[in-house]
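The first residue in the sequence is number 1, and the count goes up from there.
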Amino acid sequence: MSGRRAAAQVLRGAVPEITEAYRDALEDIGSPLVYRDDVWEQCRHQAQSIVGECVQALEGVQRPESPGVGEYTRLLGALRVVQRIPVSESVRAADVLWQSVQNVMAKVLDRVEAEQRVAVAHTVSTAFGIAVGYRLYQGIRAYEEAQRTGAPSEPERGSGPSSDGPNAQALGLLTLREREVLAAVRAGLTNRLISRRFNISEATVKRHLHNVYRKLGVSSRVQALNTAFPSSTVDVEPLRHARPVRALDHRAPSAISTSRFAAYCVTMNAR
């Protein structure tokens, strides 16, 4: 087995370790991305996907053009508006994830010859920067678009019976399969992943979603989720005894524009 492929194998095997360290670090800095299980699951999926692309780069696999990644990331970007999580948290989380990857790189580099270590480290750094940069770009654009178009706001607490849980009246309009598909959307799955989960075609998934939108009187995934699961948009409470965050975290969400993507890529590629 070549050194690069051996390094890729070690990095792949370290994904659980990276993910655990990533979550611990996010908790330490008081990130809202770990306050709720559904939000963390979305964050975890993105992290593992990014590390997976680093593994592929070590194996010599070119980064595939995957529309599912962009769709998933754009959905998350819009959801962050509904969840009231500043887009700056995604930028901060990328830095935390990179540090978690760095923590296992010594073991990865031990599997390659000394003269190859710089090249291997550069391969991982470049792949990470590209994977993260693409997601930040898509997510920030979706976040800003959702802000401009006025993403559905969360209901006031105590304003109605639906604020305490799923909107039973809205869900009652849907068939069992339509409710299952909507629940999968709520979990952050793309149409492709939903089709695999239920062993149906992507066209069938789109048809179910179209029916959901029509019955709920909405026109997007975010609006459907906000209508059917109003309690999923409650405020995120801060962790107690959380460590202070860096200056970036105090910026207004609108201060983080798509230009942050270019700056971030320059920073990552310089590492």
Side-chain angles (χ1 to χ4, degrees), residues 32-33 35-46 49 66-87 89-90 135 138-236 253:
L33 296 173
Y35 292 168
R36 288 180 5 208
D37 289 342
D38 58 333
V39 176
W40 161 245
E41 182 62 23
Q42 296 159 1
C43 190
R44 182 193 65 80
H45 175 82
Q46 286 283 67
S49 178
S66 177
V69 172
E71 178 186 356
Y72 183 83
T73 305
R74 287 189 294 273
L75 172 61
L76 288 188
L79 277 175
R80 294 297 180 250
V81 177
V82 178
Q83 295 164 343
R84 295 188 176 181
I85 299 177
V87 70
E89 290 297 335
S90 296
R135 287 165 173 82
Q138 296 293 342
I140 290 172
R141 286 187 63 187
Y143 184 93
E144 293 177 341
E145 177 65 23
Q147 283 190 315
R148 286 195 299 270
T149 58
S153 59
E154 69 173 9
E156 294 293 333
R157 294 182 182 181
S159 62
S162 63
S163 63
D164 295 325
N167 186 336
Q169 182 177 4
L171 292 175
L173 300 174
L174 309 179
T175 66
L176 175 59
R177 179 46 59 89
E178 288 166 356
R179 290 197 297 270
E180 289 175 341
V181 169
L182 188 58
V185 169
R186 188 188 185 195
L189 274 64
T190 63
N191 288 354
R192 181 177 300 178
L193 293 176
I194 294 172
S195 70
R196 293 176 181 175
R197 169 174 286 190
F198 299 116
N199 195 28
I200 56 180
S201 68
E202 288 188 59
T204 301
V205 173
K206 292 178 181 179
R207 177 169 55 81
H208 285 312
L209 287 175
H210 174 77
N211 290 337
V212 169
Y213 299 164
R214 176 176 54 80
K215 292 179 180 180
L216 299 184
V218 299
S219 59
S220 71
R221 290 176 179 238
V222 173
Q223 291 176 350
L225 291 174
N226 200 47
T227 299
F229 304 102
S231 63
S232 66
T233 61
V234 296
D235 283 327
V236 179

**Request:** Report the distance from atom NE2 of H208 to atom OG1 of T175, rounding to the nearest 0.5 Å.
**Result:** 6.5 Å
**Item:** Contact summary for P32 and V39, nearest pair of heavy atoms
**Value:** O-CG1, 4.2 Å
**Request:** Could you pull out the closest heavy-atom pair between T73 and G139, with the gap in Å?
**Result:** CG2-N, 3.6 Å
**Item:** From CD1 (I85) to OH (Y35), nearest 0.5 Å
**Value:** 9.5 Å
**Message:** How close do A142 and A78 get, counting heavy atoms only, and between which atoms?
**Reply:** CB-N, 4.0 Å
**Asked** Cut-off 3.5 Å, side chains only: do Q138 and R135 have a donor facing an acceptor?
**Response** no
**Counterpart residues, side-chain contact (heavy atoms from CB on, under 4.5 Å), relative to L209 (two or more places apart)** = V181, V185, N191, V205, Y213, R221
**Asked** Taking only residues two or more places apart in sequence, or in another chain, which ones meet R179 in a salt bridge (Lys or Arg N to Asp or Glu O under 4.0 Å)?
**Response** none
**Asked** If we only count heavy atoms from C-beta on, is the V222 to V81 side-chain gap below 4.5 Å?
**Response** no
**Between CZ on residue R80 and CG on residue L33, distance to nearest 0.5 Å** = 5.5 Å
**Reported CD-to-CZ distance for the pair Q42 and R36, which is rounded to 0.5 angstrom** = 8.0 Å
**Considering all heavy atoms, the nearest A228-L182 contact** = CB-CD2, 3.6 Å
**Prompt:** In Å and rounded to the nearest 0.5 Å, what is the CZ to CD distance from R177 to E180?
**Reply:** 4.5 Å
**Request:** For the residue pair V82 and L225, establish whether any side-chain heavy-atom pair is separated by less than 4.5 Å.
**Result:** no
**Message:** To the closest 0.5 Å, what do you measure between OG1 (T227) and NZ (K215)?
**Reply:** 15.0 Å
**Fill in**
Between Y143 and P86, the two heavy atoms sitting closest are OH-CA, 3.7 Å
**Message:** One pair to check against side chain to side chain contact (heavy atoms under 4.5 Å, CB included): E202 and R192. What are the steps and the verdict?
**Reply:** CA-CA 6 Å; E202 288 188 59; R192 181 177 300 178; 3.8 Å; yes
